[in-house]
Amino acid sequence: MLVGFMGSGKSTVGPLVAQALGFAFRDMDVWIEARTGLSVSRIFAERGEGSFRSEELALALEIQGLPRLVVAAGGGAFAEPRTRAALSTGAFTAFLRADLATVLKRVPCGGGRPLAVGRERIEALFAERQPSYRLADFEVDAAAEPEAVAREIVDAFREEGAAAVRARG
Ligand code: S3P
């Protein structure tokens with residue numbers, strides 16, 4: 001389970017991790033768009049953020065504990081306690097830790113992400129969510145090249161994954 005802020009590279013690194021492990025890869029945002037038939041932006045605009053968070057929770061509960069799957073969680077999913085609990089159950093969780101400057105470079109304001117609507121908002125969300133992300137099993141510096149980030153996650157999963165999953169049940 002890959003978690004971290006918008007722009008931390010979860011969707012880029014995820015397929016590399018999945019390929020190395022021989023697992024499937026799914027992106028939660030894409031998955032929710034397929035289930036609802038609406039883009040993430042439209043869900044936010046037409047139904048509100050609460051509806052999107054409910055979709056995230058429902059999906060997290062459905063996929064919890066599924067084996068041989070690498071999932072990129074949306075940037076807000078791991079900050080919601082119930083969704084975080086579901087995403088952590090039976091899974092090894094990796095936090096792609098990007099610094100604010102990297103995030104601001106990678107996430108264009110007004111670039112289609114409904115919550116990336118201005119530097120101040122991004123900065124506030126970024127600060128607010130760090131404690132949640134730090135609850136992940138493993139942290140990796142996401143400013144590095146995607147291949148290097150993926151390699152670190154794969155190594156950590158092989159070394160610590162089973163124990164982390166067992167510890168949580
Ligand atoms: C969100 C991040 C997005 C997407 C939605 C809300 C957030 O996912 O789930 O726009 O609350 O940070 P990415 O982290 O994949 O951009």
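In listed order, ligands and their atoms are each counted from 1.
Those atoms of ligand 1 with a heavy atom of V40 less than 4.0 angstrom away are 5 (C), 10 (O). Numbered from 1 in the order shown, with element, the atoms of ligand 1 that lie under 4.0 Å from a heavy atom of G74 read 8 (O), 9 (O), 14 (O). For ligand 1, the atoms lying closer than 4.0 Å to a non-hydrogen atom of L115 are 7 (C), 11 (O).
Between the choices D29, I43, I122, the shortest heavy-atom distance to atom 13 (P) of ligand 1 belongs to D29. In this structure, of R53, E56, R113, E80, the residue bringing a heavy atom nearest to atom 11 (O) of ligand 1 is R53.
Looking only at heavy atoms of the protein, atom 14 (O) of ligand 1 is closest to K10 NZ, 2.6 Å. Regarding atom 12 (O) of ligand 1, its nearest protein heavy-atom neighbour is R129 NH1, 2.6 Å. Considering only non-hydrogen protein atoms, atom 10 (O) of ligand 1 sits nearest to P114 CD, 3.4 Å.
Within the 4.0 Å heavy-atom criterion, neither part of M28 lies near ligand 1. Contacts between E33 and ligand 1 below 4.0 angstrom, taking non-hydrogen atoms only, are absent altogether. Heavy atoms of R106 found under 4.0 angstrom from ligand 1: none, in either backbone or side chain.
Nearest heavy atom pair, residue L2 against residue G14, reads CD1-CA, 3.4 Å. The heavy-atom pair separating G74 from D29 by the smallest distance is CA-OD1, 3.9 Å.
The side-chain contact (heavy atoms from CB on, under 4.5 Å) test with L87 singles out one residue from Q64, E56, R82, M28, and that residue is M28.
For S11, the closest heavy-atom approach to ligand 1 does not fall below 4.0 Å.
Clustering of Ile, Leu, Val, Met, Phe, Trp and Tyr side chains at separations under 4.5 Å leaves L16 isolated, with no partner residue.
For residues 2-19, there are no salt bridge (charged side-chain N to carboxylate O under 4.0 Å, His left out) pairs, not counting sequence neighbours.
Under the 4.5 Å side-chain criterion, counting only non-hydrogen atoms from C-beta, L125 is in contact with F5. Residues F92 and E160 have side chains in contact (heavy-atom distance under 4.5 Å, counting atoms from C-beta outward). Proximity of L104 to F126: side-chain heavy atoms (C-beta onward) are nowhere separated by under 4.5 Å.
In terms of polar-atom proximity, defined here as any N/O pair under 3.5 Å, A73 makes no such contact with ligand 1.
Note: F44 and F52 have tilted aromatic rings, judged against thresholds of 30 and 60 degrees for the angle between ring planes.
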